[in-house]
Structures are given as C-alpha cells and as structure tokens.
Student: 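Take this structure, written in structure tokens, and hold onto it; I'll ask about it next.
We name chains A, B, ... by the order of the sequence lines, and we start the count at 1 in each one.
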Number of protein chains: 2
Amino acid sequence: MVTLADVARHAGVSSSTVSYALSGKRPISDETRQRIEQAITDLDYHPHAGARALAGKRSHIIALVVPLHPDVHVPTMTEIAIAVTVAAREHGYDVLLLTNDEGPEGVRRVAATGLADGVILMDVRLDDDRIPVLRAQEIPAALIGLPDDPAGLSCVDHDFATAGALCADHLADLGHRDVAFIGYSSGVYRRHAGYAERTLSGFRARAAQHGLRFLHRPCEGTYESTAGTLARILADRPDTTGFVVQNEAAIGPLLSLLRAGGRTVPEDASVIAICPDPMAELHSPRLTSVSGPKKELGQVAVDQVMARIAATARGDHAQDQLLLMPPELTVRESTAPAPHRS
Amino acid sequence: MVTLADVARHAGVSSSTVSYALSGKRPISDETRQRIEQAITDLDYHPHAGARALAGKRSHIIALVVPLHPDVHVPTMTEIAIAVTVAAREHGYDVLLLTNDEGPEGVRRVAATGLADGVILMDVRLDDDRIPVLRAQEIPAALIGLPDDPAGLSCVDHDFATAGALCADHLADLGHRDVAFIGYSSGVYRRHAGYAERTLSGFRARAAQHGLRFLHRPCEGTYESTAGTLARILADRPDTTGFVVQNEAAIGPLLSLLRAGGRTVPEDASVIAICPDPMAELHSPRLTSVSGPKKELGQVAVDQVMARIAATARGDHAQDQLLLMPPELTVRESTAPAPHRS
DNA sequence: TGCCAGCGTCGAATCGCTTCGACGAACGGC
DNA sequence: GCCGTTCGTCGAAGCGATTCGACGCTGGCA
C-alpha cells in the first residue's frame, strides 16, 4: 500500500506538507503542490480511510437508516436513498446503509464508534424511538419525515397538507360538489400517521372553503375492500363525482370498479391520485395526480446533516430546521368538469 | 471519548489484554475477562472504528454497488439490498451504499482507500465494466447476476433457465398445445441480457421436449404495445391458450386485453407470470407465477464476499463460485386445463 | 537599515487499536 | 526432579493519516 510518507519521499517534501497540500488547510506553493500531485499520480496514492478517520476525527461517512418493511412506497424510498447517496458524494461523504432491525441501538452504535459522522433517518414515525437516542448522544442528524416533536431537530418532508389542498382546489375548480377521499387503511389513521392526517386535514380545510361535501373513507387497498368502500360511498352519496385516492394499492381496483359500474373516467367521475408520477402514468386513463419531489428530499436531508456536522465540529449548536417541500398537481386524463346533474 | 486504555486502567490490566479479550485471539482467564466486561459496561466503551480499521487492516465494511436506474424491478432490488445489510451485520460487517454513477472508479476508490474490505455488485451486466477493476485490483467481491465470463469470480443469480422450464412444464401438464412467451422489449434481447436469454432458452428447450408449439414475442410493456403484441400472436396462432409473461409492465395490460377480447382467464386462456410473488397476488385473478428467492440471493452474496475476504487475509486464492438459485412455481388462479378445441 | 508579519515547510506528537515477542507461572512427561 | 509446553498477561512498536508549534525567508514599512 502506498502511504502519505511514500508520496512525500517521492516529491522530496515532508509528509505534513503533502497533507496540507491535500487538505488545503495551509498555503502551499504552486511548485510544491505540482510536484506532490505528480507524485500522487505516479504512485497511484489513495489515502487510507481508517487513518484519516482516526487522525482527523471525521469518518466522512453518514448513516442512512432505512425501514426493514417500509410503510411507504418502496421505489420512492429507494429513489430517495439513492439521491442521498449521490448528494453525499458531492460533499465527499459516503453512505452507510443501516436497517432498523438493530433498533435505535444501531444508530447509537455507528455514532459511538465514530463509524458515521451523522445520521439520516427515513420513514420517521411520529413517536420514533430513534429520536431519543439522537437527542441523548447529540448525534448530528436529519429526519426525512415529521415526528410529533421536531424541536431541536432538522427535518424535511413532503407538504402533505398542501397536497390535500391541491386536490380539493382542482376538483372544486372543475365544478364537482360531492367528492370522496379514499385513504389508507383505518389502522394508519388510528395510529395517527402524520402524512395521512396532514393530507386529510389539508384536504378537509380547503374542501370546506370551497363548500364541497365530502366523505373520507379508509381502505385496505385490496380489490375486495376497495369494492366495499366504493359501494358504501355511492350508497351514502350517490351524486359523488370526484375521487381522491391516497393509497397506491387502491388505485387499480378503483378504476376497474368504476368502469365495471358503468362510470367512465373522466366523463362520469374524476379521479386524482396522490402518488408518484410514474405510477400515475401507468394507469389507463393516465391519472391526474399530486406528487412531491423525491430527489430533493434526499438532497435537503444531506445538506441538513452536513450543516449539523459542521456545527458540531465548530463546537456550536446547530439550529433547528423544518422544511416542507411543496407537491405539484399534474393534470392528466382522469379529471374533467363535473357532469351535469341528472 | 472512552478508549481501550481507559477500560484497561479501570479493569487493572494492560490494554493489549483488553484487546485480546475482545477479539478472542488469545486466551484470557475468566476472571480477567469478567473484570474487563464490567469495565466496558461501566464506562460504556465503544471501540473506535477508524482506529480498528487502521490497526487491524480490516474496515469491517463491504460496499454494495446498486444501479442508479435499475433494469430490474426496484422493490426486488431493494429487498435484496436490505437482505445484504442484515446478513452482513451477522458477520459484524456494515454496508456502504455505492451508486454506480461514479462508474467503476467508485469500486476502485472504496477498495483502494481501505474503506471497504469487499464489494457486492448488483444488477451485473453481461459485459460489466466494473469487473475488470475487480480483477485488476484483486478486490474480494461477489456478483449478484451472471456476467458472460464468470471465471475467477463469485456469482449468484436466479436460475432463469429453470424458471422458463417450469413454465413450459406447467402449461404442458395442463394440456396446452399452443403457447406464447411475452418477453421484455426487443432491445433487451438485442443486447443479449442474460436473464432474458436464459429464461427463454430454458423455456424453449422444455417446450420442445413437450412438443409444444410456441411463439416468442418481445413487448415494450405499454398498454398499446401489449395490445399489438397480443393481436399479432392471436393472428398468427389463433389456437394459443397458454401465455407466459416475463415483463412486469405487460401483465396488467395483458389481463385487461384478454378479458376485453372475450377470453376469460383461466377458462379460455392460462397465464403464468415470471415475477415476484407480491405482484402476482395483486392481480385479479391472482396469477400463477414463477419467482426466485430474493433474500437468499443477498445472503449468499454476503457469504461469498466473506469467504473471499477471509481467503485474501489468509493470503490464499479464493475459489470461484457460481450459484444459481432455483425458482419456484406457485399455482394460483390464472392457469387451468386447456379448453377443448373448438 | 532594521523589524515585524506572514508565507511555506518541517518535525514530532497524536489519534485508538492490534499484534508481536517476551516472560513468569503452572503443569505434565519421563 | 528437571525440562519443555502451554497459559495468561504485559510492554512496545506499529498502522497512516492530521495538526500544532517552530523556523527560515521574503517583503513591506518606517
């Protein structure tokens, strides 16, 4: 293995000079720098990560904690994870993948051993048991998702309330008066999952402003349960012409069922899905949908941990951050002006 | 930070003794060991990862290289990645996530800097540009996927040939005589993607044995292209009653189109999908499917790198490995005996 | 002309752990 | 009863980087 000392010898300087040339922490003359760079390429030198971590007190690694069985859409989670990795590289950082089957202890371990300088938590639950660990050990961290008490933390998430509001706006603009919100399974609401509640309350508030009548119905997402949900909606409010679906699994069944029930989309019924764009494109007709940025979530989270790591290094207190990224509504083929009342 | 020396002092022994107690590389008396363990818990000691890597010449990290835009099904890839992470932990290893946007250089970097002791490559292409790097630097590695020349490497993959064969068997057993294989887009075959070709040739060979007449048709997977593909199949071979689909995107459209064409599944046409089980369960009727193990792929890959890392440490040459994991056929509701000829 | 500031470089200490050689004690074999 | 092992422990020498203080030089300013 080629070491710093080898490079120094080859370039005819001391090893500290090489180190400073590499880190830029002290001025080095152009001529010396060039000799050093030459030596580095000649010898194909690569600094040893462990040695760097030991001497520099910085591992240049952040840990990304992913759920073992994600609540959310897997491809979305994966896309965020990849965005995190790419963004971290731009800061000279690598990403360690941690599943939370180790529980909060995993976070503790990588921080305590100095394996990771900081942590990004995905799929954060409202009352997440990893958060106390972050607080107790003062670990630089960023959360993707919003816990119930974000004080002292850096968080980034989708702005689900706006997502809900956009749906209400669009349906109201199209003249719909009776709308239904088909959501996640009732368990999700019972345990007060943040994203579900925030979407719903954003939708509810805006629907009220527009004077929409609306029903919210949880739904398991299977074909059978979707059938039941739809039947009940139409029984309770036969005039329902607008549907908002926030449950990936229920989209397909809903479309089939509407069709089977003799309602064509979008002529007789408008459907908005709250889901990633590729999924909206997949259905026929292609769905008007509301979706949030994914890459950006990852990038912001990386920026947030980096800021915290830097703050910790300086010895001061990083300030809290809370960023909600606005979603966008994309009009496709599944929404149209409300049909005239029969 | 609490160091080994602190623990040693607290336990009244030398630091080398603590180290040996921890690693087990030399015998330590029970009594001493217990004092040391007590000291460790008392002080809440965690060994510094960087120092360990530096002194021990082992980072206890493996890199997992994932595709930026996977060819394959994302949830499947993610499941494998998570399985790798969990399996690695059981060996005391952590996993570094690497995207291949750095290209082969990324692999080189983590190995050369000693950041990772070994590498697992996912989504391996037949002629993968990361492989020469592995060979040149003699990096302990395992590949998930089968390159064209696996000599000197450790690989694990699905046994796609058997997957194809299972499909032919099942349809033949049910008495189908004319069958169609709806595959990936023609580009996939033109660039000789291993999984596609191996499935097809496994199917072809077994179909011939059974005396089946069959058509292979590439398919883009969009609704329109699937419609075209199906129409051509039925025009060429109107008696086709069995379908094998190896293209996740085409499954939904195919089912809709068959139904729309007046053929009910499975009474008039049998459909087997080569896809992950959860996806097969999602459709209606639930699909008879062939799928391979996912977790196991990850576990095997980890075992393979570990073996190679150990071999490298011993100084000898790891032996090649090539493991094809058998898929399973699960009979669900989309296959039935062939209808009587009209 | 003399002094101080800052630039560019060096040497040495240090980070926390592993590992090698050595050494005393206990022990079994002949 | 002596010698060669084995067991349990210690001390010291690294591993390969970073960083601090020091030091010689040059240049600007008075």
Student: Of B:Ser29 and B:Leu54, whose nearest nucleotide on DNA chain D comes first from the 5' end?
Tutor: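 First, find each residue's nearest nucleotide; the 5'-ward one identifies B:Ser29.
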Student: Grab the two heavy atoms, one from A:Asp117 and one from A:His60, that are nearest each other, plus how far apart they are.
Tutor: OD2-N, 2.8 Å
Student: Considering just the side-chain nitrogens and oxygens of B:Ser14, establish if one lies under 4.0 Å of OP1 or OP2 belonging to D:dC10.
Tutor: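 It does, given that an N or O in the side chain of B:Ser14 lies less than 4.0 Å from OP1 or OP2 of D:dC10.
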Student: What is the distance, rounded to the nearest whole Å, between atom CZ of B:Arg35 and atom P of D:dC10?
Tutor: 8 Å
Student: Tell me the interatomic distance from B:Asp6, atom CG, to C:dC15, atom P, rounded to whole angstroms.
Tutor: 11 Å
Student: With respect to the side chain of B:Ile28, which nucleotide from D:dG16, C:dT9, D:dT9 is positioned closest?
Tutor: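 It is D:dT9.
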Student: Measure NE2/B:His60 against P/C:dC17 and give the value in whole Å, please.
Tutor: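 So the two atoms are 13 Å apart, to the nearest Å.
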Student: Taking CD from A:Glu31 and P from C:dC7, how many angstroms apart are they, rounded to a whole number?
Tutor: 19 Å
Student: Spell out yes or no: do the side chain of A:Arg26 and the base of D:dT19 have one donor N/O and one acceptor N/O closer than 3.5 Å?
Tutor: no
Student: Look at B:Tyr20 and D:dG11 and indicate whether a side-chain polar atom (N or O) is within less than 4.0 Å of OP1 or OP2.
Tutor: no
Student: Using atom CG of B:Leu4 as one end and atom C1' of C:dT19 as the other, report the distance to the nearest whole Å.
Tutor: 12 Å
Student: Any side-chain N or O of B:Lys25 below 4.0 angstrom from OP1/OP2 of C:dT19?
Tutor: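 Affirmative; the distance criterion is met.
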Student: Heavy-atom distance under 4.5 Å between the side chains of A:Leu297 and A:His158, does that happen here?
Tutor: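 With C-beta onward as the side chain, the pair touches.
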Student: Between C1' on D:dG16 and CG on B:Leu115, what's the gap in Å once rounded to a whole number?
Tutor: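 Roughly 14 Å, once rounded to whole Å.
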Student: Separation of A:Arg58 atom CZ from C:dT14 atom P, in whole Å?
Tutor: 21 Å
Student: Between B:Asp101 and A:Val86, is there a side-chain heavy-atom distance shorter than 4.5 Å?
Tutor: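 Side chain of A:Val86 against side chain of B:Asp101, heavy atoms only: contact under 4.5 Å found.
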Student: Should we say atom CD of A:Gln137 is surrounded by more than 12 heavy atoms from elsewhere, each under 6.0 Å from it?
Tutor: yes
Student: What integer distance in Å separates A:Arg52:CZ from C:dG16:P?
Tutor: 18 Å
Student: Closer to the 5' end of DNA chain C via nearest nucleotide, is it B:Ala55 or A:Val13?
Tutor: A:Val13
Student: With nearest nucleotides of DNA chain D determined for A:Leu22 and B:Ala51 from heavy-atom distances, which residue corresponds to the more 5′ nucleotide?
Tutor: B:Ala51
Student: Respond yes when some side-chain nitrogen or oxygen of B:Ser19 is under 4.0 Å from OP1 or OP2 of C:dC17, and no when none is.
Tutor: no
Student: Do other residues, nucleotides or ligands put more than 12 heavy atoms under 6.0 Å from A:Glu105 CD?
Tutor: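 Result for CD/A:Glu105: enclosed.
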Student: Classify the nucleic acid contact of A:Ser16 as base, sugar-phosphate or nothing, counting any heavy atom under 4.0 Å across all strands shown.
Tutor: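 Result for A:Ser16 = base.
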